[in-house]
Number of protein chains: 2
Amino acid sequence: MDRRQRKTREAIFNAFTKLLSKKDFNRITVGEIIDGADVGRATFYAHFETKDYLLKEFCEELFCHIFDAENDSGHGHRHIFDCDSSKSVFLHLFQHLKKNDNNILNLLSSPNNELFLGYFGNNLEALVESHLSLFESAKEKELPPGFWKNHIVSTFTETLKWWVRNGMKESAEVITEYFLKVV
Amino acid sequence: MDRRQRKTREAIFNAFTKLLSKKDFNRITVGEIIDGADVGRATFYAHFETKDYLLKEFCEELFCHIFDAENDSGHGHRHIFDCDSSKSVFLHLFQHLKKNDNNILNLLSSPNNELFLGYFGNNLEALVESHLSLFESAKEKELPPGFWKNHIVSTFTETLKWWVRNGMKESAEVITEYFLKVV
DNA sequence: TCGTTACCGAACACAGTGTTCAATTACATT
DNA sequence: AATGTAATTGAACACTGTGTTCGGTAACGA
């Protein structure tokens, strides 16, 4: 990849990140992004088809850091947390999110973020799916598996939103407890 | 209220309803609404400050029919369903929603509907709050009451969305069962 | 060094929003 | 039925934001 491409791409991502910490995604304009990144308008559209695609690629990079790391560490320690690996997975996820490397939490707490929540949900669903232990109880309760999976994912997301909305006063451990109690 | 006002207001609501069955709220333009309602642009803005306020007032009328009726019937039969009034309330709500009088379900299933979900959630929260029986278990589980209430509301909404998304094949009774099982 | 490629920037067409205003029409009241 | 009031019209307007175009410039990789 051309060095120039890398630079502008990074500049756009940086400007985008900075803007995300200030305002909702939907209120951010392309004009603001290219001003912040100091690139031409045409350059932006040479890199990203629309603003939505920028978010999409932004999320992919973001989730790559979060969910892939989660999957890896999960695999690595699976034998340790075998008895309740699900607990460790979600705890790690909450801990990771609390670090707030990028502005993932701003995205989560802001309204009008269906796009982002969609991407987040997809990744989370894949993670949930790989932890079959939780699905055992689905059969006990005689629920459709799709319903049960959806419930876990949306409960996690809602828990996260609640946590952020209330200032993240609780520790990741406590939130994980709450989450597991209601699930 | 002037007859002309009532007529245009109704015409706008009708056009809005018709459009909602075809496309997402955010994709609907003021131009389309006034074309459908056959009113002047200035007239629209004389009635509604913005498109968002149109949705707001639309929701208020809609929820008036649903939640108020629910509260009334709830009060009326409270002594009958005393032992598990919560069950009856949510069942009635699901039944009512399945009728789909207006396009409430289209609004629910479409993306980018944070505004609508917000109004819906507020009404639902008030309803949940008035049924204290559910909160008993919150203390047992030692969860923050705000967390617990939020969980019930969002689980109901997510259940509803799941139901709609999957074609509403299940009966209201079955969905109520699912809902109560996971809660 | 040289051909390629990204970037610039300014202009452009387009769509949608919300406002303004004078002219018109329907309304409620007497 | 007459009258003053108030809603509606329609067309124009300024404004913001989107996405495209294109010739010129400069950085890049080989």
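Worth saying up front: this structure is predicted, and the values here are computed from it rather than measured. So you know, we letter chains A, B, ... as the sequences are listed, proteins then strands, and number each from 1.
- If you take CD1 of A:Ile33 and C1' of D:dG17, they are 12 Å apart, rounded to a whole angstrom.
- You'll find the ring centres of A:Phe94 and A:Trp163 inside the 6.0 Å limit.
- Dashed line: the shortest gap from a side-chain N or O of A:Thr50 to OP1 or OP2 of D:dT18 is not under 4.0 Å.
- In this structure, A:Met1 atom CE and C:dC7 atom P are separated by 9 Å, rounded to whole Å.
- Here B:Tyr45 does not reach the OP1 or OP2 of C:dT19: none of its side-chain N or O atoms lies under 4.0 Å away.
- Note: B:Phe156 and B:Phe90 have tilted aromatic rings, judged against thresholds of 30 and 60 degrees for the angle between ring planes.
- When the nucleotides D:dT18, C:dC21, C:dA6 are ranked by their closest atom to the side chain of A:Gln5, C:dA6 comes out on top.
- Of the residues near DNA chain C, B:Arg6 and B:Lys51, the one whose nearest nucleotide (by heavy atom distance) lies more toward the 5' end is B:Lys51.
- Ring orientation note: the planes of B:Phe44 and B:Phe48 are tilted relative to one another, at an angle of 30° to 60°.
- Between the side chain of B:Arg41 and the base of D:dT9, no donor-acceptor pair of N or O atoms lies under 3.5 Å.
- The shortest distance between the side-chain N/O atoms of A:Thr8 and the OP1/OP2 oxygens of C:dC7 is below 4.0 Å.
- Taking a 6.0 Å sphere around CD of B:Glu57, one finds it holds more than 12 heavy atoms contributed by other residues, nucleotides or ligands.
- Atom CG of A:Leu54 is separated from atom P of D:dG19 by 12 Å (rounded to the nearest Å).
- Each of B:Arg27 and A:His47 was matched to the nucleotide of DNA chain C holding its nearest heavy atom; the match closer to the 5' end belongs to A:His47.
- Here the nucleotide nearest the side chain of A:Ala42, chosen from D:dT18, C:dA10, C:dC27, is C:dA10.
- A straight line from CG of B:Asp35 to P of C:dA15 spans 14 Å, rounded to a whole angstrom.
- Taking atom CD1 of B:Ile28 as the reference point, atom P of C:dA15 lies 19 Å away to the nearest angstrom.
- Within 4.0 Å of A:Thr29, counting heavy atoms only, lie sugar-phosphate atoms of the nucleic acid but no base atom.
- A straight line from CD1 of A:Ile34 to P of D:dG19 spans 12 Å, rounded to a whole angstrom.
- Aromatic ring orientation, A:Phe147 versus B:Trp162: perpendicular (interplanar angle above 60°, classes split at 30° and 60°).
- Taking atom CZ of residue A:Phe44 and atom P of nucleotide D:dG17, one finds them 14 Å apart after rounding to whole Å.
- Rounded to a whole Å, the CD1 atom of B:Ile12 is 14 Å from the P atom of D:dA7.
- Heavy atoms of A:Arg3 sit under 4.0 angstrom from primed sugar atoms or phosphate atoms, though from no base atom.
- B:Phe25 has its ring centre no less than 6.0 Å from the ring centre of B:Phe116.
- Here the side chain of B:Asp2 is nearest to one of D:dA12, C:dC27, C:dC7, namely C:dC27.
- Considering only side-chain N and O atoms, A:Thr43 lies nowhere under 4.0 angstrom from the phosphate OP1 or OP2 of C:dA6.
- B:Asp38 comes within 4.0 angstrom of the backbone, heavy atoms only, and of no base.
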